[in-house]
Each structure stands twice: as structure tokens, then as C-alpha cells.
Amino acid sequence: MDILFITSGWPPEQIGGVEIYARRLAMELSQRHKVRVFYREADPSRPDYGPAWRGTWRGMQRHEGDLELTGVHYNYGDFKDFTGTFNIRPMGEIFEKYLEESLPDIAHIHHLGRIGHQTVEILAKHGVPVAVSYT
């Protein structure tokens, strides 16, 4: 099964309860399934909506064990108010391009802050089933 995790951050760049739980679960599932992670990363020296790693769109991926990680920078450069932490149109556009390259069998959402609620609409549009964890 191809499982896509969606979360607001990933260790070691961001460490909190959600990130630790998502990472442990992803690592465990990757022993039996293909697991990919789409997340937000912050680096004030890099522009918003760029890849977490230098290179082409394909170069946005890195690996941690069997996990394929895709990070997108978002430093709140266009942030106006709290709703901006969940209503991030450019992040939705990036996510849709990413998703169109390879649809997962299921998406597991861990945290949509700094990723945007548009991801849910995009997953539904492409017929991808969704599981949500509130940790």
C-alpha cells in the first residue's frame, strides 16, 4: 500500500508531539508499505514555497530509511492573521502538483497547520481516501 502522511513539520527541523508520533508511525508502517511524507519546513534564509532541498521539483525529496520526505518552505511571508495558518492557497497548489505525480492509496493527515485545509479538498478531488489523527 502507498501511504501519504501530511503534517506541519518533521524532525529534526521541528520536534513536537505531532511530529514525533507521525514519524514513529511512518517508520513502523514503512516496514510493510511504501510511505511518503509531505510537510512544511521553515528556513528564514530561503523563500516561501520553495523546496526544502535545493534542486528541481523532483529534487524536493530526500529519504529517511525507507521514507520518502518532501518538504516545502513556508516562513509566513504572506501571513496576515491566524486564518493564514490554515488557508494557504500557494501551498495547496504545490500539494496538488505533488499529488498529481503519484496518487497514494490513502492519505493520513496529522496536522494541517502551515500546510492548509485545501489539501483535504484536493485529496477528495482525486478520490484519495483520508484518515485523520488528532494527536
Side chain proximity check, Leu99 to Leu4, heavy atoms < 4.5 angstrom: yes
Closest approach of Trp10 to Arg23 (non-hydrogen atoms, all atoms of both residues): CH2-CA, 3.3 Å
Distance-minimising heavy-atom pair for Ser30 and Asp66: O-OD2, 3.9 Å
Glu19 versus Gly9, closest heavy-atom pair with distance: CG-O, 3.4 Å
Non-hydrogen side-chain atoms of Ile94 and Phe38 separated by less than 4.5 Å: yes
Considering all heavy atoms, the nearest Leu67-Ala26 contact: CD2-O, 3.5 Å
Nearest-0.5 Å distance that lies between atom CG in Leu29 and atom NE2 in His108: 8.5 Å
Approximate separation, where rounding is to 0.5 Å, of Glu93 CD and Ile122 CD1: 8.5 Å
Side-chain touch Met1/Ile106, heavy atoms, less than 4.5 angstrom: yes
Main-chain N/O of Asp105 paired with Asp2 side-chain donor or acceptor, under 3.5 Å: no
Spatial distance of atom CD1 (Ile115) from atom CD1 (Ile6) [nearest 0.5 Å]: 7.5 Å
Any side-chain heavy-atom pair of Val132 and Val120 under 4.5 Å: no
Atom pair CD (Glu96) and CG (Leu123), whose distance is rounded to the nearest 0.5 Å: 9.5 Å
Shortest non-hydrogen separation from Arg36 to Leu103 and the atoms involved: NH2-C, 3.7 Å
Nearest-0.5 Å distance, OG of residue Ser102 to NZ of residue Lys34: 4.5 Å
Side-chain heavy-atom pair Gln118, Met91 within 4.5 angstrom cut-off: no
Check: Glu101 side chain, Tyr98 main-chain N or O, donor-acceptor pair, under 3.5 Å: no
